[in-house]
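Just below is one structure, and these are the notes that go with it.
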Amino acid sequence: MMLDRGLVMMSDTRTNAGVDNIATFNKMHTWEVEGDRALILMSAGNLATTQSVVSMLDERTKAHDQRNPSILEAPSMFQVARLIAETLRDVISIHEDAGPRAAAQFGATLLLGGQVAGGPPRLFMIYPEGNFIEASADNPFFQIGETKYGRPILVRAFDPQMSFEKALKLLLVSFDSTLKANLSVGLPFDFQLYETDSLRLGYRSRVQGDSPYFQQISSGWGEALKQALDSLPDFVLEK
């Protein structure tokens, strides 16, 4: 999500190929050239696809003679998004010969946030087809993967002026509602903060399942919902 203060990114770590094949993988990747750019990429979808995309992006940043094109050389966040979108589309296109169904199974969606010197912080959602959209004041946050359970909470409570601490609390409540309704989402949660114009990655950490704070948030939110429901007038049945 985009705040007045900067960017807050959070991802879960659960991947699954059926209820009997669940694993934990990092879905958040970062790159930084301090004083020039800070980039955060999150993924949802086929794990092999997203790992291939990240590996290709990584390779282009390490060897100077392979930096064309590189996300560390692109002159703007828009150009970074374009390079990542093209890489995602190219990886998925490998499976096109096997038919639309195979290509769909290897699909993935990405969230890109960050800032390049000379421009403002920006947030993009990148689709498997290689196109993308950008967050704005009217649409200041994006979700990928399982979205329907946690989105109503974000829509009702989001405030661009909120602090990083309150934004993280809001995201944890949203994720808590999602994981209780869908087994494909699970702890731990990774988060990354980025302060506007700092041009370096901010605080990053992981919220584990046994985190006392998360347990307090989870139980407290459930109790608050019950109290809110009880405070509303009961429905009156007509006689």
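Remember, it's a predicted structure, so these values are computed and weren't measured experimentally. Numbering starts at 1 and runs along the sequence shown.
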Side-chain contact, heavy-atom cut-off 4.5 Å: [X] with [Y]?
| X | Y | answer |
| --- | --- | --- |
| V185 | R14 | no |
| I153 | W221 | yes |
| L57 | L41 | yes |
| L112 | R122 | no |
| D4 | P160 | yes |
| F25 | T50 | no |
| I84 | F132 | no |
| F78 | E134 | no |

- Over 60° means perpendicular and under 30° means parallel, so classify the ring planes of Y203 and F191, tilted if in between.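 Tilted.
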
Just how far is it from atom [atom1] of [X] to atom [atom2] of [Y], taken to the nearest 0.5 Å?
| X | Y | atom1 | atom2 | value |
| --- | --- | --- | --- | --- |
| S205 | M10 | OG | CE | 9.5 Å |
| L72 | L83 | CG | CG | 10.5 Å |
| K148 | S177 | NZ | OG | 13.5 Å |
| R200 | E34 | CZ | CD | 6.0 Å |
| R89 | I126 | CZ | CD1 | 11.5 Å |
| L187 | T24 | CG | OG1 | 9.5 Å |

- Item | Check: F189 ring centre within less than 6.0 Å of F214 ring centre |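 Yes, the ring centres sit under 6.0 Å apart.
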
Please check this pair: side chain of [X] against backbone of [Y], looking for a donor-acceptor N/O pair closer than 3.5 Å.
| X | Y | result |
| --- | --- | --- |
| T196 | R5 | yes |
| T13 | P188 | yes |
| T49 | G107 | no |
| D190 | R206 | no |
| Q215 | D210 | no |
| S93 | D90 | yes |
| N46 | Q105 | yes |
| Q216 | S218 | no |

Would [X] and [Y] count as having a side-chain donor-acceptor pair, cut-off 3.5 Å?
| X | Y | answer |
| --- | --- | --- |
| K27 | T15 | no |
| Q115 | D197 | yes |
| T87 | R60 | yes |

- side-chain contact (heavy atoms from CB on, under 4.5 Å) assessment of I71 paired with R37: CA-CA 10 Å; I71 57 175; R37 68 191 60 210; 5.8 Å; no

Does one hydrophobic cluster hold both [X] and [Y], with members joined at side-chain heavy-atom distances below 4.5 Å?
| X | Y | answer |
| --- | --- | --- |
| M2 | F124 | no |
| M162 | F142 | no |
| M56 | V80 | yes |
| L123 | F141 | no |
| L199 | L193 | no |

- More than 12 heavy atoms from other groups under 6.0 Å of CZ on R204: yes

- E223 atom CD, over 12 foreign heavy atoms within 6.0 Å: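 Enclosed: over 12 neighbouring heavy atoms sit under 6.0 Å from CD of E223.
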
Ignoring hydrogens, what is the shortest heavy-atom contact between [X] and [Y]? Give both atom names and the distance.
| X | Y | result |
| --- | --- | --- |
| G150 | S174 | O-OG, 2.9 Å |
| S52 | V91 | CB-CG1, 4.0 Å |
| A108 | P128 | O-CG, 3.0 Å |
| L7 | G113 | CD1-C, 3.8 Å |
| I144 | M42 | CD1-O, 3.9 Å |
| Y194 | A38 | CE1-CB, 3.7 Å |

- Item | SB check K169 E165 (cutoff 4.0 Å) | no

- Task: Answer yes or no: is there an ion pair linking D176 with K180, defined by an N-O contact shorter than 4.0 Å?
- Result: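 Salt bridge between D176 and K180, a charged N being under 4.0 Å from a carboxylate O: yes.
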
- Message: Evaluate D12 against E146 for side-chain contact (heavy atoms from CB on, under 4.5 Å), listing each step before the verdict.
- Response: CA-CA 11 Å; D12 81 317; E146 178 54 79; over 6 Å; no

- For L201 and I40, what are the C-alpha separation, side-chain angles and deciding distance, and is it a side-chain contact (heavy atoms from CB on, under 4.5 Å)? CA-CA 9 Å; L201 295 169; I40 308 157; 4.0 Å; yes

- Query: Does the pair D58 and H29 meet the rule for a side-chain contact (heavy atoms from CB on, under 4.5 Å), with working shown?
  - Reply: CA-CA 10 Å; D58 237 2; H29 306 274; over 6 Å; no

